[in-house]
Peer 1: 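Starting off with a structure, shown below.
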Amino acid sequence: MTDRKDELAENLAKVERRIADACAAAGRAREEVTLIVVTKTYPADDVRMLAELGVCHVAENRDQDAAPKAAECSDLPLTWHFVGQLQTNKVRSVVGYADMVQSVDRARLVTALSKEAVRQGRELGCLIQVALDADESGRGERGGVGPEGIEELGELVARSPGLRLDGLMTVAPLTGPYAGREQAAFERLMDLSTDLRRAHPAANMVSAGMSADLEQAVAAGATHVRVGTAVLGVRARLG
Ligand SMILES: *Cc1c(COP(=O)(O)O)cnc(C)c1O
């Protein structure tokens with residue numbers, strides 16, 4: 001193996017151990033939690049090595065970075081998640097490679113995703129991104145819709161052709177009442193998921209937790225954790 005592949009294998013093993021320990025501590029089966037490796041800012045070569053090391057899910061947050069990478073890796077059996085703020089003019093490109101969009105947060109985006117999924121003959125999984133730091137406008141600083149907007153947006157996704165409502169996603173807020181209280185934030189997301197599942201039982205994905213707080217997410221009940229830095233290293237530029 002190359003040095004880089006050794007490094008990735010070692011980091012993956014550490015993250016795997018953290019997830020397993022967190023599951024054990026929470027009395028959950030390890031299979032209840034899926035690891036998504038966030039490969040943003042890292043090259044296609046890394047994605048290829050991760051696939052060879054057994055990674056099945058990768059995530060990206062900027063289309064400009066993701067589109068060429070996904071094209072280079074189109075032969076790999078990977079599920080691609082889009083997790084960044086998404087402008088409608090990027091929808092055509094993103095629907096071309098993404099299996100899931102985790103950052104669905106407004107009606108205009110749902111309409112654009114649906115139209116494009118139908119045009120490309122694809123079914124796209126959607127998570128509603130919840131902003132637990134939403135201001136009066138109902139929107140979060142880093143995207144997301146406030147809790148009171150989930151139901152309406154969920155209905156819209158559920159009845160939009162080409163889209164599948166799969167659940168909820170959040171990023172632990174840096175401001176507001178949940179700042180520094182990751183586990184409380186993730187528990188709130190779980191309650192919101194319970195509400196959503198009353199009307200949409202199949203929308204049972206809960207995507208929460210990153211490198212720094214995956215334990216809190218697993219403890220709260222997350223089904224998917226999104227880990228970048230702990231697998232690939234500290235990113236050279238913001239992404
Ligand atoms: C970058 C990113 C992650 C991963 O963050 P790390 O701290 O590098 O693990 C997870 N989710 C989203 C939405 C991200 O943008």
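Counting starts at 1 for both ligands and their atoms, following the listed order. Keep in mind that what you see is a predicted model, and the values were worked out from it rather than measured.
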Peer 1: Taking all non-hydrogen atoms of both residues, which atom of Met190 and which atom of Ala222 are closest, and how far apart?
Peer 2: SD-N, 4.2 Å
Peer 1: For ligand 1, indicate whether the residue Val38 contacts it via side chain, backbone, both or neither (heavy-atom separation under 4.0 Å).
Peer 2: side chain
Peer 1: Pull out every atom of ligand 1 sitting under 4.0 Å from any heavy atom of Val227, numbered as shown with elements.
Peer 2: 9 (O)
Peer 1: Please check if the number of heavy atoms outside Glu52 that lie under 6.0 Å from its CD is greater than 12.
Peer 2: yes
Peer 1: If the condition is salt bridge (charged side-chain N to carboxylate O under 4.0 Å, His left out), which residues does Arg164 pass it with, not counting sequence neighbours?
Peer 2: Glu123, Asp166
Peer 1: Does the residue Arg142 have a heavy-atom contact with ligand 1, meaning some pair of atoms that are separated by less than 4.0 Å?
Peer 2: no
Peer 1: Backbone, side chain, both or neither: what part of Gln102 comes under 4.0 angstrom of ligand 1, heavy atoms only?
Peer 2: neither
Peer 1: Do the ring planes of His81 and His57 sit parallel (below 30°), tilted (30 to 60°) or perpendicular (above 60°)?
Peer 2: tilted
Peer 1: If I apply the N/O under 3.5 Å rule, does Met169 come out as touching ligand 1?
Peer 2: no
Peer 1: Identify, by atom number and element, the atoms of ligand 1 in contact range of Thr229, meaning under 4.0 Å from any of its heavy atoms.
Peer 2: 6 (P), 7 (O), 8 (O), 9 (O)
Peer 1: Can you list the residues that meet the salt bridge (charged side-chain N to carboxylate O under 4.0 Å, His left out) rule with Glu32, with sequence neighbours excluded?
Peer 2: Arg28
